[in-house]
There are 2 protein chains.
Amino acid sequence: MIKNQMRMTHQRDIILREMRKCKDHPTADELYERIKKTLPRISLATVYRNLEILSTAGLIKKLEISGRRKRFDGELRRHHHVYCLLCHRVDNIDLGQEENFQFLPAAAGGYRITGCRIEFFGLCPDCQKKPQGDKKMGCKKCGTETLNDQQQQILKTLAQSAAACGSKDIAAAVKLEPKQISSQLTTLKKKGYVASPVRCKYEITEAGKSAIA
Amino acid sequence: MIKNQMRMTHQRDIILREMRKCKDHPTADELYERIKKTLPRISLATVYRNLEILSTAGLIKKLEISGRRKRFDGELRRHHHVYCLLCHRVDNIDLGQEENFQFLPAAAGGYRITGCRIEFFGLCPDCQKKPQGDKKMGCKKCGTETLNDQQQQILKTLAQSAAACGSKDIAAAVKLEPKQISSQLTTLKKKGYVASPVRCKYEITEAGKSAIA
DNA sequence: TTTGTATTTGATAATTATTACCATGTCAAT
DNA sequence: ATTGACATGGTAATAATTATCAAATACAAA
Ligand SMILES: [Mn+2]
Ligand SMILES: [Mn+2]
Ligand SMILES: [Zn+2]
Ligand SMILES: [Zn+2]
């Protein structure tokens, strides 16, 4: 007879309390690890089930952001989030005066809109310290070519100089063989990143500046 | 010697063209199905790999929203999205004058923020038509108790009446046995959703109104 | 043009995250 | 006490993505 009625079981109660207590945004299995300290025999499936049920009931919030794993939030007050592109950590964010700003899109394309979420992303304090694997790739044919280390060094040196430089000026700043430098300058000139206003003098072009931006 | 340089292979080129051409936001395997028409021998892994590489290179965008599957976007122009909570379809959305509004959070909590995303969610036109499974749950102990169908029907009837109603008035609007009605009214009164200003006359309370809201 | 090699591919295995299943257990209302 | 909806733990299954690897390819340099 009774339908869609939730019972407050011991497990569910502990899960809800834990969610209300914690100030972060745990995934199902992160929460499972915490709950096990109180209920060592609880099943991971129970945690998954209850996080789903509690969020359907509106007692917690589900954050479907930042990639693969769902995260949950015990804080019901309207607020938004930042997350880290590297470690996927999620933090609350304060939007200041915009806090209560409600977007109403001009054209909703027939959707019945029930909510809006504002998300920031970037690097968290910890991940900023990590050595950057510099994963950025480029491609000649797409006009997004990446430059090798030597080329980058040379371009950066030229970018810092107001006047056009000779090979010696560059050699003073970059630890490279003179031959390497002139060879790379030729390449860079061909690519349009460097111009030679006078013979043996080189300066960076606008294209060059954006290539190292 | 060369490092982090992307090659424009035939497969990658076709994938990029397809992404630029299509106006929706395909997942890896949705795109795989489309690409197979051009390259029947391509591997799903190649599609996954290239979507990742192309988005790292900034030639397409990765949408990490709305649950499990990643979606990709060939449109690089700054814009935002709506998605359907039911079928997870994603559409572009026009923010009107807010289009170029850049949020700068007051406190970024030490994050180096590289972007902001504004997402709307709700029900797409198709899913609005689907019969609603009414999955909402409640719980007595949390003050979010759900009501059964009969109780909801009765409450809704009362909500539409200006004056207090008798069983007959309710029976006229709701197809239920008179006994059922009075039984449910008693239950609803006990729960505080219905009041009886005069004997055999019932009206909805404020609590009752919010219970069916 | 030829060559050396970093990069990419297809095929497939492995991993990760989540959901489904099921026998058993609990609770509240008759 | 009986009934039936709701839950649980344990585990299998599914879905989505990533890793591995031998063979093929693209492309900078010679
Ligand atoms: Mn939060
Ligand atoms: Mn889009
Ligand atoms: Zn991080
Ligand atoms: Zn839909």
Side-chain angles (χ1 to χ4, degrees), chain A residues 1-15 26-32 35-36 39-57 62 64 66-72 88 135 137-141 145-148 150-151 180 183-184 186-187 190-191, chain B residues 1-15 26-32 35-36 39-57 62 64 66-72 88 135 137-141 145-146 148 183-184 186-187 190-191:
Chain A
M1 190 95 338
I2 301 159
K3 224 167 32 182
N4 282 352
Q5 182 66 21
M6 177 202 311
R7 291 178 189 167
M8 189 47 67
T9 63
H10 188 45
Q11 289 90 331
R12 185 167 294 161
D13 187 45
I14 298 291
I15 289 170
T27 62
D29 70 293
E30 282 168 4
L31 193 69
Y32 173 58
I35 296 290
K36 271 203 291 189
L39 301 173
R41 309 215 30 161
I42 200 172
S43 158
L44 175 59
T46 301
V47 176
Y48 267 104
R49 252 189 319 250
N50 280 304
L51 286 172
E52 202 56 43
I53 288 170
L54 289 170
S55 66
T56 306
K62 178 161 44 161
E64 289 189 326
S66 77
R68 254 179 331 297
R69 300 155 84 197
K70 289 179 185 170
R71 292 182 173 272
F72 295 85
H88 293 178
K135 292 268 180 63
M137 279 198 157
C139 176
K140 215 185 228 179
K141 299 202 177 162
E145 185 175 11
T146 50
L147 302 170
N148 66 34
Q150 296 186 2
Q151 292 166 344
Q180 284 288 316
S183 158
Q184 294 295 0
T186 310
T187 311
K190 213 189 305 177
K191 289 177 198 283
Chain B
M1 188 97 342
I2 300 157
K3 223 167 31 180
N4 282 353
Q5 182 67 19
M6 178 202 312
R7 290 176 189 172
M8 189 46 67
T9 62
H10 187 46
Q11 290 89 330
R12 184 167 295 160
D13 187 43
I14 297 291
I15 289 171
T27 62
D29 69 294
E30 282 168 3
L31 193 69
Y32 173 60
I35 297 290
K36 272 202 292 191
L39 301 172
R41 310 218 27 162
I42 199 172
S43 159
L44 175 58
T46 301
V47 176
Y48 267 103
R49 252 188 321 249
N50 279 305
L51 286 172
E52 201 57 42
I53 288 170
L54 290 170
S55 65
T56 306
K62 176 160 46 162
E64 291 188 326
S66 76
R68 258 179 328 296
R69 300 156 83 198
K70 288 178 186 170
R71 293 181 172 273
F72 296 84
H88 292 178
K135 293 268 181 65
M137 280 199 155
C139 176
K140 218 184 228 179
K141 301 203 177 161
E145 186 173 10
T146 50
N148 65 35
S183 158
Q184 294 295 359
T186 310
T187 311
K190 211 189 305 179
K191 288 177 199 286

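Note on naming: letters A, B, ... go to the chains in the order of the sequence lines (proteins, then strands), and numbering restarts at 1 for each one. Quantities reported herein were computed from a predicted structural model and do not represent experimental measurements.
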[X] side-chain N/O to [N] phosphate OP1/OP2 under 4.0 Å:
X: A:Arg12; N: D:dA7; answer: yes
X: A:Thr27; N: C:dA17; answer: no
X: B:Lys70; N: C:dA17; answer: no
X: B:Gln11; N: C:dG10; answer: yes

Would you mind reading off the distance between [X] atom [atom1] and [N] atom [atom2], rounded to a whole angstrom?
X: A:Arg69; N: D:dA15; atom1: CZ; atom2: P; answer: 21 Å
X: A:Arg41; N: D:dA7; atom1: CZ; atom2: C1'; answer: 15 Å
X: B:Ile15; N: C:dG10; atom1: CD1; atom2: P; answer: 8 Å

>> I'd like to know if the side chain of B:Arg12 reaches the main chain of B:Asn50, judged simply by a donor and an acceptor atom lying under 3.5 Å from each other, with no hydrogens or angles considered.
In response: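 Side chain of B:Arg12 to backbone of B:Asn50, a donor-acceptor pair under 3.5 Å: no, none is there.
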Discussion item. Working to the nearest 0.5 angstrom, can you tell me the gap between B:Thr46 OG1 and B:Leu39 CG?
Written reply: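 CG of B:Leu39 is found 9.5 Å from OG1 of B:Thr46.
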Nearest-0.5 Å distance that lies between atom CG in B:Leu51 and atom OH in B:Tyr32:
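Those atoms lie 13.0 Å apart.
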| message | Which residues pass the side-chain hydrogen bond (donor to acceptor under 3.5 Å, both in side chains) test with B:Asp29, not counting sequence neighbours? | response |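 B:Asp29 satisfies side-chain hydrogen bond (donor to acceptor under 3.5 Å, both in side chains) with B:Thr27, B:Arg69 once adjacent residues are dropped.
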Q. In chain order, what residues pass the side-chain hydrogen bond (donor to acceptor under 3.5 Å, both in side chains) check against B:Gln11, with sequence neighbours excluded?
A.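 Listed in chain order: nothing, the list is empty.
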Please list each protein N or O that sits under 3.5 Å from an N or O in nucleotides 12-14 of chain D, with the distance.
none

Filtered N/O pairs between nucleotides 24-26 of chain C and protein, under 3.5 Å:
unit_1, atom_1, unit_2, atom_2, d
C:dT26, O2, A:Arg7, NH1, 3.1

Next item on the list: Please list, by residue number, the residues of residues 43-52 of chain B whose heavy atoms come closer than 4.0 Å to an atom of DNA chain D; answer none if no residue qualifies.
Entry: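 Contacts with DNA chain D under 4.0 Å: B:Ala45, B:Tyr48, B:Arg49.
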* Asked: If you fit an axis to the five pairs at each end of the helix from C:dT1-D:dA30 to C:dT30-D:dA1, how big is the angle between those two axes, to 10 degrees?
  ->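 Its terminal axes enclose an angle near 30°.
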